[in-house]
Amino acid sequence: MQPQKPATRANLYLALGSIALALVVALVWARYDSGSGLILKVRRQVSIGDALAPTIAAAMIGLGGVMVLLQRHAAEQPGLSLANLRFLTRFLVLCAVSFALMRWTGPAVVAAINLFGEGDLSYRLLRDTAPWKYIGFAAGGTLLITVLIADIEGRLTARSVIIAVLAIAALIALYDLPFDDLQLPPNGDV
């Protein structure tokens, strides 16, 4: 009879951390940082409030945390390793670079046009018009998805770039095209 290895608490910490993050996002950040509630009702017209998307994201994170918490005893759980920390660091750096690209690509393109084209454009005025509103979201989102797929597969392929472009196009079709008053990130903050 083999001695059993003591179970690590990595999944317990992950689950509790996810649940805590979800609660903070839903109850604090989305509530106090958004200009409206979940649903906005003005003169019998109902529209999506600023807090709806982060609250839904928080609910998904919390649900994932609960699922990990419930299954944590089902299998032997490995401990954290240096490889896990390297992956997490790569992931966080990739997210930071992708979000910076989302934030600064549109204004940089407008600044370049103003510099070389003798224009007098303002990204703030253009941020809700096509193609300007898609530039940063498409650049940062495509980079994020492409590099994540390449990291998982161990190599960069044309297929991963095509998947990333199609995924970003689908997100634009789902979130931007049906709603007149919704702005893709980061255009609401620019």
Answer with yes or no whether the hydrophobic clustering places [X] together with [Y]; edges join I, L, V, M, F, W, Y residues whose side-chain heavy atoms lie under 4.5 Å apart.
X	Y	value
Leu88	Leu21	no
Leu171	Met102	yes
Leu70	Ile19	yes
Ile172	Leu174	yes
Val66	Leu16	yes

Straight-line distance of [X] [atom1] to [Y] [atom2], nearest 0.5 Å:
X	Y	atom1	atom2	result
Tyr123	Ile113	OH	CD1	11.5 Å
Leu94	Leu101	CG	CG	10.5 Å
Phe99	Trp104	CZ	CH2	16.0 Å
Ile168	Ile145	CD1	CD1	4.0 Å
Ile135	Arg127	CD1	CZ	14.5 Å
Ile149	Ile163	CD1	CD1	4.5 Å

Next item on the list: Would you check if Cys95 and Leu144 make a side-chain contact, meaning some heavy-atom pair closer than 4.5 Å?
Entry: yes
Using a 3.5 Å distance criterion without hydrogens, assess whether the side chain of [X] forms a donor-acceptor pair with backbone atoms of [Y].
X	Y	value
Ser160	Leu156	no
Thr146	Leu143	no
Asp176	Ala173	no

Check: Do Ile61 and Val25 pass the side chain to side chain contact (heavy atoms under 4.5 Å, CB included) test, and can you show the C-alpha distance, the side-chain angles, and the key distance before you say yes or no?
Finding: CA-CA 10 Å; Ile61 292 169; Val25 168; 5.8 Å; no
Check: Does any pair with a residue in residues 52-70 pass side chain to side chain donor-acceptor pair (under 3.5 Å), and if so which ones, sequence neighbours excluded?
Finding: none
What is the minimum heavy-atom distance between [X] and [Y], and which atoms define it?
X	Y	result
Ala15	Gly65	CB-O, 3.2 Å
Gly136	Thr105	CA-CB, 4.0 Å
Ala30	Ala51	O-CB, 3.5 Å
Tyr32	Leu27	CE1-O, 4.0 Å

Checklist line | Contact list for residues 142-154, test salt bridge (charged side-chain N to carboxylate O under 4.0 Å, His left out), sequence neighbours left out | finding: Arg90-Asp151, Glu153-Arg159
Note to self: Does Val68 form a side chain to side chain contact (heavy atoms under 4.5 Å, CB included) with Ser18? I'd like the steps, not just the answer.
What the structure shows: CA-CA 9 Å; Val68 170; Ser18 298; over 6 Å; no
Check: Does Trp29 have any side-chain hydrogen bond (donor to acceptor under 3.5 Å, both in side chains) partners at least two apart in sequence or in another chain, and if so, which?
Finding: Asp33
Note to self: Before you tell me yes or no, could you show the steps for Val109 and Trp132 under side chain to side chain contact (heavy atoms under 4.5 Å, CB included), namely the whole-Å CA-CA distance, both residues' side-chain angles and the distance that decides it to 0.1 Å?
What the structure shows: CA-CA 9 Å; Val109 169; Trp132 307 103; 3.9 Å; yes
